[in-house]
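Note sheet for the following structure.
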Amino acid sequence: MSLKKLLMIILTIIFVFILVLLIRTFTYPFPKAEVAETGEVVRPDLSEESIIRFAGGIKIPTINQDAYDVADYRAFDEFKTYLIQVYPEIYKTMDTMTINGHGLVLHWKGQDAGLKPLLFLSHYDVVPVIGYEPEEGKRTPDIYKLEEESGSAVEEPISTYQEEWTYPPFSGAVANGKVYGRGTLDMKNMLFSLLEAADTLIKEGFKPKQDIWFAFGFDEESGGIKGAIEIASYFKEQNLTFDAVFDEGGIISAPGSTIESIQKPMALVGVGEKGLLTLRIKVKGMGGHSSMPPVKSSLVLAAEIIEKINTHQMPAELIDPIASFLDRTGSEMGFFSRLAIANRWLMKPLLLSTFGKSPASNALIRTTTAVTMAKGSDAPNVIASVAEVTANFRILPGNTVEQVINHVTALCEGYEVEIDVVSAREPSGLSPENSRGFEIIKEIVSKLYPDAIVSSYITIGGTDAYKYQIVSDNIYRFMPVYLNRYEQQTIHNENEHITLDNYGKMIWYFKEIMRNY
């Protein structure tokens, strides 16, 4: 065979190969955003009464109580009483109970006992605020108050503990079309929007078709051990199986705030969540006086291990929810991204490499490694015989706690180490997209945000939803709030707030689920 003929064959193969890639790209069935049938955007009204009730709940500092045995739960008791006072119709209509002192469970009986019930989750504990200490005998200073005539916040003498907050964290200030305070995004907004939705429906004379349950934890921020775990166990004991469970997790991400190239809102529905493993690695070496150091002290050896576990991380994988996410968002991406998505059979390594370049997207494709703590000696002139390294892993569904431990153990070969498990939780199961629970989220979001892309997703952080796997296979982690990048960063941070528009839409969203499921 002549060189010219061989070259022609090679060029033909390359041409056909490129043609196949292009044909697959241009014919790939990227789903289009589903638009509401009416084409109208719903703009719910929000009553002043609803705002006042919500703001009043923000004022009660239900700060997470990590040490259960010595915790002061007076604020939590106050919050329970507050709900009874502001939602009398709910407490008249529903059966209510308390689990473990502060876990709140409400049962709204439906018309058809043969239908599987629904379960709505939230929690009313909030993370601490740095520098905030409630005054003795006074739950929180009302630094700001709502002025009746203008609806604006009026400044009064301000204490010194909150210089970074526009309005103090437990003021419940209403100003500039927003409600400010700890819990406005995590998670009293969900609790109050659920109760507002139910309260409105009760006053309208509505009766649900199937039973509806509400479960509000009080220790989600510290793992839900006394709250969600106990409530889920109660449901299990009652032989309850829920058709769908709705909790926090994903949000409606503003255009460009999750993936810059996507200039449409993205409603990210968590169909699963990552697991957790924290390991403490004790590295042994030669200790002694710093004037006669060994070639490698225990801390130097620990540094080598840090480098190993940070460099050699768990392999990247494209699990089903993220593959679905790429399919649903690909139509909004650039040509080369669409080319890679449509030809995953060839370009999967390139996709994974691209995802791995950003911390946010890297967390979606692998079990992540974060070295969070390191300790040597307690004195500058002492070499510790044992150094400690603490690493936190967020485990991708499909991986296991055991796999991560084995991975770290292999990386520590050749060193004298002791590996202790500080805390561990397996990843959750994955909930299906072809269920009524997922479909109704799509239906209602499309009425509020017709141009939004609704997609499955993996929740990076932990939620109470994980504990309810024992009573349902259909668990969806989604809070219908439209947040830009800055607003997302206020969660667990200074200036946490929610817009009144978001809050009104949350109420309408949950009301529609209860009415139309």
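Heads up: numbering here begins at 1 and tracks the sequence. These numbers come from a predicted model, not from an experiment.
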Discussion item. Do Met94 and Ile202 make a side-chain contact, defined as non-hydrogen atoms from C-beta onward lying under 4.5 Å apart?
Written reply: yes

Item to complete: For the pair Arg338 (side chain) and Met333 (backbone), establish whether a donor and an acceptor sit closer than 3.5 Å, ignoring hydrogens and angles.
Response: yes

Item to complete: Answer yes when Arg53 and Glu49 have at least one side-chain N-carboxylate O distance shorter than 4.0 Å, and no when they do not.
Response: yes

Worksheet item: Do side-chain atoms of Thr459 reach the backbone of Gly461 as a donor and acceptor pair under 3.5 angstrom?
Response: no

Discussion item. Just so I know, are the side chains of Tyr91 and Thr96 near enough to count as touching, which here means a heavy-atom distance under 4.5 Å?
Written reply: yes

Fill in: Residue pair Met266, Ser455: steps toward the side-chain contact (heavy atoms from CB on, under 4.5 Å) verdict
CA-CA 7 Å; Met266 296 171 60; Ser455 175; over 6 Å; no

Worksheet entry | Distance in Å, Thr368 OG1 paired with Phe393 CZ, rounded so as to fall on 0.5 Å steps | 9.0 Å

Item to complete: Would you check if there is a donor-acceptor pair between the side chains of Gln489 and Asn493 at a distance under 3.5 Å?
Response: no

Worksheet item: Can you tell me if Glu426 uses its side chain to pair, donor with acceptor, with the backbone of Val401 under 3.5 Å?
Response: yes

Discussion item. Please tell me whether Asn502 and Glu487 have a donor and an acceptor in their side chains that are separated by less than 3.5 angstrom.
Written reply: no

Fill in: Sub-6.0 Å ring centroid separation between Phe218 and Phe79
no

Practice prompt. Look only at the side chain of Ser171 and the backbone of Tyr167, and say whether a donor-acceptor pair between them is shorter than 3.5 Å.
Written response: no

Worksheet item: Should Asn495 and Thr166 be marked as a side-chain hydrogen bond (donor to acceptor under 3.5 Å, both in side chains) after you check the CA-CA gap, both sets of side-chain angles, and the distance that decides it?
Response: CA-CA 6 Å; Asn495 273 335; Thr166 303; 3.2 Å; yes

Fill in: Within-4.5 Å side-chain heavy-atom neighbours: Lys511 and Thr200
yes

Worksheet item: Given side chains that start at C-beta, do those of Glu494 and Ile130 come closer than 4.5 Å, heavy atoms only?
Response: no

Worksheet item: For the residue pair His102 and Tyr73, does the interplanar ring angle fall in the parallel (under 30°), tilted (30 to 60°) or perpendicular (over 60°) class?
Response: parallel

Worksheet item: Taking atom types as modelled, is there a side-chain donor on Tyr87 or Glu196 under 3.5 Å from an acceptor on the other?
Response: yes

Worksheet item: Are side-chain heavy atoms of Val245 and Asn474 found at a separation under 4.5 Å?
Response: no

Practice prompt. Please report the C-alpha distance between Leu276 and Ile395 in whole Å, then the side-chain angles of each, then the deciding distance to 0.1 Å, and finally whether the side-chain contact (heavy atoms from CB on, under 4.5 Å) criterion is met.
Written response: CA-CA 6 Å; Leu276 167 72; Ile395 307 173; over 6 Å; no

Response to the item:
Rounded to the nearest 0.5 Å, the OG atom of Ser222 sits from the NE2 atom of His123 at a distance of 10.5 Å

Discussion item. Under the criterion ring pair (Phe, Tyr, Trp, His ring centres under 6.0 Å), I'd like the reasoning laid out for Tyr449 against Tyr482: C-alpha separation, chi angles, the key distance, then a yes or no.
Written reply: CA-CA 9 Å; Tyr449 301 96; Tyr482 183 101; 5.3 Å; yes

Worksheet item: Any sub-3.5 Å donor-acceptor pair from Lys59's side-chain atoms to Gly181's backbone N or O?
Response: no

Worksheet item: Counting only heavy atoms not in Arg425, do more than 12 fall under 6.0 Å of its CZ?
Response: yes

Worksheet item: What distance separates Lys467 NZ from Ile225 CD1, expressed to the nearest 0.5 Å?
Response: 8.0 Å

Fill in: Side-chain H-bond candidate by donor/acceptor type, Asn176 with His497, under 3.5 Å
no

Item to complete: Rounded to the nearest 0.5 Å, what's the gap from CZ on Phe242 to CG on Leu118? Could you check?
Response: 9.0 Å

Fill in: Residue pair Ser324 / Glu433, side-chain donor-acceptor N/O under 3.5 Å
yes

Response to the item:
residues 246-265 vs ring pair (Phe, Tyr, Trp, His ring centres under 6.0 Å), sequence neighbours excluded, gives Phe120-Phe246

Item to complete: Using modelled atom types only, decide if a donor and an acceptor are shared between the side chain of Asp219 and the backbone of Lys226 within a distance under 3.5 Å.
Response: yes

Discussion item. Counting only heavy atoms from other residues, nucleotides and ligands, does the tally under 6.0 Å from CE of Met97 exceed 12?
Written reply: yes

Worksheet entry | Between NZ on residue Lys357 and CG on residue Asn362, distance to nearest 0.5 Å | 12.0 Å

Fill in: Parallel, tilted or perpendicular: ring planes of Phe235 versus Trp213, cut at 30 and 60 degrees
perpendicular

Worksheet item: Do side-chain atoms of Ser431 reach the backbone of Ile475 as a donor and acceptor pair under 3.5 angstrom?
Response: yes

Discussion item. Is there a side-chain contact between Arg366 and Gln313 in this structure, where contact means two heavy atoms from C-beta onward sitting under 4.5 Å apart?
Written reply: yes

Practice prompt. Please check if atom CG in Asp45 has more than 12 non-hydrogen atoms from other residues, nucleotides or ligands closer than 6.0 Å.
Written response: no

Worksheet item: Ignoring hydrogens and geometry, is there a side-chain-to-backbone donor-acceptor pair from Arg436 to Tyr517 under 3.5 Å?
Response: yes

Fill in: Whether Thr93 side chain and Glu89 backbone form a donor-acceptor pair below 3.5 Å
yes

Worksheet item: Who are the ring-ring contact (aromatic ring centres under 6.0 Å, His included) partners of Tyr457, not counting sequence neighbours?
Response: Phe325

Worksheet item: Does Phe206 CZ have over 12 foreign heavy atoms under 6.0 Å away?
Response: yes

Worksheet item: Hey, does Asn399 have a side-chain heavy atom less than 4.5 Å from the side chain of Glu317?
Response: yes

Worksheet entry | side-chain contact (heavy atoms from CB on, under 4.5 Å) evaluation trace for Ile63 with Phe170 | CA-CA 10 Å; Ile63 297 170; Phe170 297 105; 3.8 Å; yes

Discussion item. Any side-chain to backbone donor/acceptor pair from Glu496 onto Asp186? Under 3.5 Å, distance only.
Written reply: yes

Item to complete: Compare every heavy atom of Leu191 with every heavy atom of Ser122, then report the nearest pair and how far apart it is.
Response: OG-N, 3.3 Å

Worksheet item: Yes or no on side-chain hydrogen bond (donor to acceptor under 3.5 Å, both in side chains) for Thr62 and Asp125, after CA distance, side-chain angles and deciding distance?
Response: CA-CA 5 Å; Thr62 50; Asp125 60 316; over 6 Å; no

Discussion item. Run Ser428 and Glu273 through side-chain hydrogen bond (donor to acceptor under 3.5 Å, both in side chains) and show every step you take.
Written reply: CA-CA 5 Å; Ser428 75; Glu273 65 185 68; 5.4 Å; no

Worksheet item: How close do Pro480 and Tyr509 get, heavy atom to heavy atom, and via which atoms?
Response: CG-CD2, 3.3 Å

Worksheet item: Is it true that the side chains of Thr372 and Asn392 contain a donor and an acceptor less than 3.5 Å apart?
Response: no

Discussion item. Angle between ring planes, Trp108 versus Phe214, binned at 30° and 60°: parallel, tilted or perpendicular?
Written reply: parallel

Practice prompt. Begin from the C-alpha positions of Glu388 and Lys375 and carry the test salt bridge (charged side-chain N to carboxylate O under 4.0 Å, His left out) through to its verdict.
Written response: CA-CA 5 Å; Glu388 291 185 1; Lys375 183 180 183 299; over 6 Å; no

Worksheet item: What's the shortest heavy-atom distance between Thr463 and Glu220, and which atoms?
Response: CA-OE2, 3.5 Å

Worksheet item: Rounded to the nearest 0.5 Å, what separation is found between the CE atom of Met479 and the CG atom of Asn189?
Response: 5.0 Å

Discussion item. A side-chain contact here means heavy atoms from C-beta on lying under 4.5 Å apart; do Phe192 and Tyr503 qualify?
Written reply: yes

